[in-house]
Amino acid sequence: MSLIEKYPVHLTNSLSGKKELFVPVNPGHLGIYVCGPTVYNDVHLGNVRTFMSFDVVTRYFRHLGYKVRYVRNITDVGHLENDADEGEDKISKKARLEQLEPMEVVMHYTEGFHEVMRQFNILPPSIEPSATGHIVDQIEITKKLIDNGFAYEANGSVYFDVTKYHEKYKYGILSGRVIEELMESGRKLDSQDEKRNKIDFALWKKASPYHIMRWPSPWSDGFPGWHIECTVMSTKYLGDTFDIHGGGMDLKFPHHECEIAQAVGANDQKPVNYWIHSNMLTVNGQKMSKSLGNSFLPRELFAGDHALLDRGYGAMTVRFFMLQSHYSSTLDFSNDALGAAEKGYKKIINALAALNALVHEQKEVDDSIEKDLLRLIEECYKNMSDDFNTAKTLAVLFEMAARINDFKSGNTQLSKVSKDVFDQFKTTYQSFVKDVLGLREENEQNNDLLDGTIQILIELRKKARLDKNFALSDKIRDDLKQVGVQLKDGKDGTIDYVIE
RNA sequence: GGUGCUGUGGCCGAGUGGCUAGGCAGAGCUCUGCAAAAGCUCGUACAGCGGUUCGAAUCCGCUCAGCACCUCCA
């Protein structure tokens, strides 16, 4: 029995608001699309949370044995400063302000984004398409929407006709918005407006003479609207109906609602079976966002170089911190919580090292110990298959860590566990920590030179202790501690170390 | 105003109506030359008020408090 059959995944589908059994379009395959960043600025910690959430989702599916195609786009054109389809393109604006080519802006922030993803051990997607690379496709689908009667041209721009769409299908199925109310509330159309209704949105915008980013189209020299790129790139690489579409909660409306309308209007079929929305990172209860000024960047986080930060924290500490909550809940940032997470993370990682060092030799097998270990293995899968409950999974890993430490100290005889069960236990702990949750050693720069040097000091300390020269042995220990190397004395005279 | 969500022990945070979440902090103990690390033990918390039920943190209603989206934001 494969893991896929043994641990069916249930996930909360934003479309229904309920937890549903996941059934893929093609058995054993997963097609998932996640809205990526608009590369006009640095990604902040709140952005990181979203990508980390979906990183864990895709990691788990892969671990179960799914063949995953993960598409995450780069928005490098079309994202306007406000959603009334007016205002400047974000990339263009940045380019103008910094006197750069738009593509220089795009390259710079795309590379910065990738660097941050690497730091947090967020794996790259299978395909990372860009909006500017799919202008032709966007023009094609816009034509199709006009042909189908769901879009109209006005003065060189093309808009999606939400009212027309709503007559045949239903607009608002994802966000629960009522079209009549949307029509009433907010700003009125003025006489200058090209839109027939205020809730219509742009598929193509005619560029003003001074606009830098522009492409030819049947309607005008211009650029595509924001929502259309995701519809195009998701269906192009994943098919007209694919499994999962993810993104931050704040994109649910209007972005994702518009995506659905575009895809249905063009293809007359439901584009996505399961929508997953990850919740916001908050600071003092408020959403972290650039405009509120309460956001900070990863490099500020590492350096502790921000008014909100008492000190610096490692990327893995933050990863652990985020995994302790469920992706669908808001998570409040605080220094206290980060500090606690740092210790918890170390406990998990230290146990990983201890596990690797265990030498197994089977003697008499104790059934109750084995049952306990098998239960813990089972729990890991059950919790992850239950809507990717990383918090509960971590709780189980802490229990496993306690078992590992018991084996290490001899509190429990490792020889009472059969080879088979121990191997399962070991593999499960290792793979859940490293492959599924994506936690790794914070200090990967540990090299042989450093290790060798510390080993020499450890040998000196051992000697000093045997000679009962505690002044010297304590000095070695305390001085190493000063520079961030913590020694851990074992019962049998062995000494390990951890770099803090 | 509309839509949705949340309110859990000192802190952070899981929780499918009944059976211990977990982490951090704190107290005691074990181990240790002393520490650290590790292990063991200890807290009976679920905003308030009603209701349903044999039984509710978990379901329903009301009240209070807070958040998100409805403008750009993951």
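Each chain gets a letter, A, B and so on, in the order the sequences are listed, and its residues count up from 1.
When rounded to the nearest whole Å, the span between CD of A:E257 and C1' of B:C69 equals 12 Å. The separation between A:W226 atom CH2 and B:A74 atom P is 7 Å, rounded to whole Å. If you measure from atom CG of A:D406 to atom C1' of B:C31, you get 13 Å, rounded to the nearest angstrom. The distance from atom OH of A:Y171 to atom C1' of B:C70 is 11 Å, rounded to the nearest whole Å. Protein atom CG of A:D336 is 6 Å distant from nucleotide atom C1' of B:C11, rounded to whole Å. Atom CH2 in A:W275 sits roughly 14 Å away from atom C1' in B:A74 (whole-Å rounding). The nearest whole Å value for the distance from the CG atom in A:N284 to the P atom in B:C11 is 15 Å. Between the NZ atom of A:K475 and the P atom of B:A36 there is a distance of 20 Å, rounded to whole Å.
Proximity note for A:D474 (side chain, C-beta onward) versus B:C34, B:A68, B:C70: the nearest is B:C34. Closest approach to the A:R461 side chain among B:A37, B:C34, B:A74 is made by B:C34 (side chain taken as heavy atoms from C-beta onward). Side-chain atoms of A:R465 lie closest to B:C34 of the nucleotides B:A68, B:C34, B:A14. Distances were taken from every side-chain heavy atom of A:K488 (C-beta onward) to each of B:A36, B:G39, B:A14; the shortest belongs to B:A36.
Between the side chain of A:D243 and the backbone N or O of A:G31 there is at least one donor-acceptor pair closer than 3.5 Å.
In terms of the ring pair (Phe, Tyr, Trp, His ring centres under 6.0 Å) criterion, residue partners of A:F51 (sequence neighbours excluded) are, by chain and number, A:F113. A search for salt bridge (charged side-chain N to carboxylate O under 4.0 Å, His left out) contacts involving A:D496 returns A:K408, not counting sequence neighbours. With sequence neighbours excluded, the residues satisfying salt bridge (charged side-chain N to carboxylate O under 4.0 Å, His left out) with A:K475 are A:D479. A:F160 is linked by a ring pair (Phe, Tyr, Trp, His ring centres under 6.0 Å) to A:Y165, A:F201, counting only residues two or more places apart in sequence or in another chain. Take A:D467 and apply the side chain to side chain donor-acceptor pair (under 3.5 Å) test, not counting sequence neighbours, and it matches A:K463. A search for ring pair (Phe, Tyr, Trp, His ring centres under 6.0 Å) contacts involving A:H211 returns A:F223, not counting sequence neighbours. Under the ring pair (Phe, Tyr, Trp, His ring centres under 6.0 Å) criterion, A:H114 pairs with no residue at all, not counting sequence neighbours.
Taking 4.0 angstrom as the limit, A:N47 places a side-chain polar atom (N or O) nearer than this to OP1 or OP2 of B:A74.
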All N/O donor-acceptor pairs, side-chain side in residues 294-302 of chain A, below 3.5 Å, sequence neighbours left out:
residue, atom, partner, partner atom, Å
A:N294, OD1, A:S289, N, 2.9
A:N294, ND2, A:K287, O, 3.1
A:E300, OE1, A:L297, N, 2.7

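In this structure, A:S175 reaches the sugar-phosphate backbone alone: every heavy-atom distance under 4.0 Å involves primed, P, OP1 or OP2 atoms, never a base.
Using a 4.5 Å heavy-atom cutoff, the side chains of A:M183 and A:T163 are in contact.
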Under 4.0 Å protein heavy-atom contacts per nucleotide of nucleotides 15-23 of chain B, with B for base, S for backbone only and - for none
S-----BBS
Using a 4.0 Å heavy-atom cut-off to protein, can you give one letter per nucleotide of nucleotides 4-9 of chain B, 5' to 3': B if the base is in contact, S if only the sugar-phosphate is, - if neither?
------
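Taking the C1' atom of each, B:A65 and B:G55 are spaced 29 Å apart, rounded to whole Å. Atom C1' of B:U16 sits at a distance of 26 Å from the matching atom of B:C67, rounded to the whole Å. For the C1' atom pair drawn from B:G15 and B:C40, the interatomic distance equals 26 Å after rounding to whole Å. Distance noted for atom P between B:A25 and B:U20: 25 Å (whole Å).
Judged as a salt bridge (Lys or Arg N to Asp or Glu O under 4.0 Å), the pairs with a partner in residues 313-337 of chain A (not counting sequence neighbours) are, in order, A:D55-A:R319.
Remark: the A:R477 side chain and the B:A35 base include a donor-acceptor N/O pair separated by less than 3.5 Å. For B:G13, the base has no donor-acceptor partner in the side chain of A:D332 [N/O atoms by modelled type, under 3.5 angstrom].
Along RNA chain B, the nucleotide nearest to A:D489 and the one nearest to A:S334 differ in position, and the one closer to the 5' end is contacted by A:S334. Comparing A:Q486 and A:Y327 by the nucleotide of RNA chain B whose heavy atom lies nearest to each, the residue mapping closer to the 5' end is A:Y327.
Taking the centre and axis of the six-membered ring of A:F253, the NZ or CZ atom of A:R177 falls inside the cone set by 45° and 6.0 Å.
Both key distances under 3.5 Å define a Watson-Crick or G-U pair, and stretches of 3 or more such consecutive pairs in RNA chain B run B:1-7 with B:64-70, B:10-12 with B:22-24, B:26-30 with B:38-42, B:47-51 with B:59-63.
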